[in-house]
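FYI, the numbering just counts along the sequence from 1.
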Amino acid sequence: MKIVLLGGSGYVGKGIIKKLSSYDNIELVSMSRHGGTDADKEEWPNVSWLSVDLDKPETWQAEMATADWVIDLIGVLLAKNYNEYYKKTVKPVLNVIKFIKEHTTNTKFLFVSANYAPVGMGAYMKAKLVLEYELIKQLGQRAVFVYPGLIYHKKRPSVYVVATVLNNIKKIKPLEKLIEPLRPIAREKFAVEIKNIVLGENSYLMYRTKNKE
């Protein structure tokens, strides 16, 4: 099985790589603007760390053509407005979606979406919904959506602190419902759920829709 991770060199991507790299029958390809660091390549020598520009097809299409799974981890949490989200997270991925539709028959696309965002992040949610719409329209059943909450790890201290506070607040029953939509999830747990999906197993993240708790 060949898995291409868009944005695989980010801290969420590295968590997935750590989980999947132990499988001898899985080929991992990480695509990002800077490729991977020397430390990444030393820690995971069997991963192909590619520097790509999704607006330049010659840098990624050959690898994408033989992928069984493409996992979109390109994430910008905070941007000035929707136009910036579109430029950084929507437009590049639309190129990939179009290629998969036109040049592959079995490649599946796993999109890390969201069904909740705090007040003031409407543009973030709009970008997610635009890509969901395009994936459903162009890839149909080949598109898979997951809905995690805040993905945290100690390597991202600011997010880790927020998640720790939220998890502590969840223990206070009257406040539990206020925190539930944010659903902090450890990077390690998220990676396990992604592993389950690509290996054909069940994942509670995959079945979480906008109309369900």
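- The main-chain N or O of I197 is never found under 3.5 Å from a side-chain atom of S203 such that the two would form a donor-acceptor pair.
- Here the rule is side chain to side chain donor-acceptor pair (under 3.5 Å) with R142, and of N106, T107, T104 only T104 fits it.
- Looking at heavy atoms from C-beta onward, E134 lies in side-chain contact with L94 at the 4.5 angstrom threshold.
- A cation-pi arrangement is absent between K155 and Y11, since the terminal nitrogen or guanidinium carbon is not both under 6.0 Å from the aromatic centre and inside a 45° cone about the axis.
- Remark: I169 engages V165, L175, I179 in a side-chain contact (heavy atoms from CB on, under 4.5 Å) (not counting sequence neighbours).
- Residues R187 and R156 fail the side-chain proximity criterion, which asks for heavy atoms closer than 4.5 Å.
- Partner of F145 under the side chain to side chain contact (heavy atoms under 4.5 Å, CB included) criterion, chosen from L131, I136, L205, L110: I136.
- Under the 4.5 Å side-chain criterion, counting only non-hydrogen atoms from C-beta, W49 is not in contact with T37.
- In this structure, K128 contributes its side chain and V112 its backbone to a donor-acceptor pair below 3.5 Å.
- No side-chain heavy atom of V90 sits less than 4.5 Å from a side-chain heavy atom of K126.
- Here K98 pairs with nothing under the side-chain hydrogen bond (donor to acceptor under 3.5 Å, both in side chains) rule; sequence neighbours left out.
- Using cut-offs of 30° and 60° for the angle between ring planes, the F99 and W60 rings count as perpendicular.
- Contact record, L50 with V29: CD1-CG1, 3.6 Å, taken as the closest heavy-atom pair.
- Counting non-hydrogen atoms of neighbouring residues, nucleotides and ligands closer than 6.0 angstrom, the CD atom of E102 exceeds 12 such neighbours.
- Each of K19, H153, K18 was checked for a side chain to side chain donor-acceptor pair (under 3.5 Å) with E188, and the lone residue meeting it is H153.
- The minimum heavy-atom distance between G35 and S9, with the atom names listed, is O-CB, 3.2 Å.
- Interatomic distance, I74 CD1 to T89 OG1, rounded to the nearest 0.5 Å: 8.0 Å.
- The two atoms that bring P148 and S113 nearest to each other are CD-O, 3.7 Å, heavy atoms only.
- Closest non-hydrogen pair, L73 versus G13, comes out as CD1-CA, 3.5 Å.
- Residues Y23 and L199 have side chains in contact (heavy-atom distance under 4.5 Å, counting atoms from C-beta outward).
- Using a 4.5 Å heavy-atom cutoff, the side chains of L135 and I97 are in contact.
- When hydrophobic clusters are built by joining Ile, Leu, Val, Met, Phe, Trp and Tyr residues whose side-chain heavy atoms come closer than 4.5 Å, directly or via intermediates, Y133 is not grouped with V70.
- The backbone N or O of R33 sits less than 3.5 Å from a side-chain atom of S51, completing a donor-acceptor pair.
- Evaluation of the side-chain contact (heavy atoms from CB on, under 4.5 Å) rule for K91 yields D55, Y86 as partners, not counting sequence neighbours.
- You'll find the side chain of V96 stays beyond 4.5 Å of the side chain of D72, heavy atoms only.
- Of the possible donor and acceptor atoms, none in the side chain of K14 sits under 3.5 Å from a partner among the backbone N and O of D40.
- Open room surrounds CD on E42; 12 or fewer heavy atoms of other groups in view lie less than 6.0 Å from it.
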